[in-house]
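Okay, so here's the structure we're looking at.
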Amino acid sequence: MKTLVAYFSRSGENYVNGEIVELSVGNTALAAKEIAAQTGGDLYEIRPLNPYSENYRACGKAAFAELKANARPALADPLPELSAYDTVCLGYPNWCGTMPMAVWTFLESGDFAGKRILPFCTHEGSGMGSSEADLRGLCPGAVLGRGLALRGAAAGSAQAEIREWLEAEAGHEVK
């Protein structure tokens with residue numbers, strides 16, 4: 001089984017444990033790299049063509065405006081050849097109660113029919129939000145596994161939680 005670990009993450013100012021802190025690596029990127037290490041999967045970072053501000057408030061304002069407009073921001077990189085993968089571990093932070101709109105662009109740009117999608121989300125208290133329902137709507141031909149909601153502040157130390165989730169959802173032992 002070949003796995004793609006596709007993720008959206010943002011460094012810069014982030015909300016962590018009730019305060020704004022500067023992150024050199026985004027929380028979702030930390031989790032994605034651990035998932036790739038445990039599965040042997042290939043990493044693909046979902047990057048918008050026009051990056052979001054590193055300022056937390058400006059980024060939040062832009063994210064809310066995109067959600068309200070149902071925008072599909074262009075991506076900076078072409079999608080990987082999805083036909084090569086059986087499973088897609090899809091990571092994102094919870095923005096405005098769901099996935100960032102760049103993740104919607106990614107999902108609508110590829111054919112996920114027959115793929116197993118294992119969503120994972122970083123958050124600071126809002127869990128998966130409506131992202132799993134949104135994924136079902138965006139990828140009706142895919143098999144959606146149970147999502148993993150990780151506290152962003154703990155994403156860098158969630159190796160055991162990630163392993164347990166992967167073994168339960170991927171149906172096989174991980175590395």
Side-chain angles (χ1 to χ4, degrees), residues 1-11 24-52 63 66-67 70-95 98-123 127-150 152 155-156 158-175:
M1 175 161 48
K2 188 145 166 102
T3 301
L4 174 67
V5 182
Y7 70 96
F8 173 92
S9 192
R10 193 180 75 73
S11 58
S24 59
V25 177
N27 294 322
T28 308
L30 294 174
K33 289 173 184 177
E34 179 62 28
I35 291 167
Q38 289 192 28
T39 62
D42 297 332
L43 280 170
Y44 171 80
E45 184 176 2
I46 300 167
R47 295 183 319 115
L49 183 61
N50 298 310
Y52 295 98
E66 285 182 353
L67 179 66
N70 201 27
R72 298 298 185 271
L75 300 182
D77 304 306
L79 268 62
E81 180 52 53
L82 295 173
S83 63
Y85 300 98
D86 304 302
T87 300
V88 178
C89 294
L90 179 68
Y92 46 87
N94 183 326
W95 277 13
T98 188
M99 304 169 285
M101 298 313 286
V103 177
W104 293 59
T105 301
F106 170 78
L107 293 168
E108 290 176 345
S109 298
D111 181 5
F112 292 89
K115 307 283 182 216
R116 182 161 180 75
I117 299 177
L118 303 178
F120 63 99
C121 175
T122 57
H123 67 94
M128 298 294 292
S130 66
S131 65
E132 290 172 297
D134 293 335
L135 275 166
R136 274 190 283 284
L138 287 164
C139 303
V143 176
L144 186 63
R146 177 183 55 89
L148 173 65
L150 295 168
Q159 295 87 355
E161 190 175 356
I162 288 170
R163 177 175 300 284
E164 184 178 296
W165 171 71
L166 286 170
E167 287 178 350
E169 293 305 309
H172 62 86
E173 283 193 39
V174 294
K175 294 180 181 182

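Along the sequence shown, residues are numbered consecutively beginning with 1.
Taking CD of E169 as the start and CD1 of I117 as the end, the distance is 13.0 Å to the nearest 0.5 Å. Taking CG of D134 as the reference point, atom CD of E132 lies at 10.0 Å (rounded to 0.5 Å). Rounding to the nearest 0.5 Å gives a distance of 10.5 Å between OG of S130 and CZ of R136. Taking CD1 of I46 as the start and CE of M99 as the end, the distance is 9.5 Å to the nearest 0.5 Å. Taking CH2 of W165 as the start and CG of L150 as the end, the distance is 8.0 Å to the nearest 0.5 Å. Here the CD atom belonging to E45 is positioned 10.0 Å from the OG1 atom belonging to T28, to the nearest 0.5 angstrom.
A donor-acceptor pair is defined here as one N or O able to donate and one able to accept, closer than 3.5 Å; such a pair exists between the side chain of Q38 and the backbone of Q159. Remark: the backbone N or O of C139 is not paired with any side-chain donor or acceptor of K115 at under 3.5 angstrom.
You'll find the side chain of L144 reaches within 4.5 Å of the side chain of P119, heavy atoms only. Side chains of P48 and F8 form a contact here, defined as non-hydrogen atoms less than 4.5 Å apart. Using a 4.5 Å heavy-atom cutoff, the side chains of L30 and T122 are not in contact. Counting heavy atoms from C-beta outward, W104 and E66 have side chains that stay 4.5 Å or more apart.
Contact detail for L135 and L107: the closest heavy-atom pair is CD2-CD1, 3.4 Å. Nearest heavy-atom pair across R146 and A168 is NH2-CB, 4.1 Å. Pairing each heavy atom of S24 with each of S11, the nearest pair is O-CB, 3.5 Å. Looking at every heavy atom in both residues, P80 comes nearest to Y85 through CB-CE1, 4.4 Å. The two residues P93 and P100 have their closest heavy-atom pair at O-CD, 3.3 Å. Taking both residues in full, the closest heavy atoms of A6 and V88 are given as CB-CG1, 4.4 Å, listed atom of the first, atom of the second, then distance.
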- prompt: Step by step, would you call K33 with V5 a side chain to side chain contact (heavy atoms under 4.5 Å, CB included)?
  reply: CA-CA 8 Å; K33 289 173 184 177; V5 182; over 6 Å; no

task: Dump the intermediate steps for side chain to side chain contact (heavy atoms under 4.5 Å, CB included) on L118 and I35, then the final yes or no.
output: CA-CA 11 Å; L118 303 178; I35 291 167; over 6 Å; no

- prompt: When you look at N94 and M128, which way does the side chain to side chain contact (heavy atoms under 4.5 Å, CB included) test go after all the steps?
  reply: CA-CA 7 Å; N94 183 326; M128 298 294 292; 5.9 Å; no

query: Run the side chain to side chain contact (heavy atoms under 4.5 Å, CB included) check on H123 and N27 step by step: do they pass?
result: CA-CA 9 Å; H123 67 94; N27 294 322; over 6 Å; no

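Counting heavy-atom neighbours within 6.0 Å of E108 CD, excluding the residue itself, gives a total above 12.
The salt bridge (Lys or Arg N to Asp or Glu O under 4.0 Å) contacts involving residues 75-87 comprise R47-D77, where partners must be two or more places apart or lie in separate chains.
Using a 30° and 60° split on the angle between ring planes, Y44 and F106 fall in the parallel class, below 30°.
Side chains of T87 and T3: a donor-acceptor N/O pair is absent below 3.5 angstrom, by distance only.
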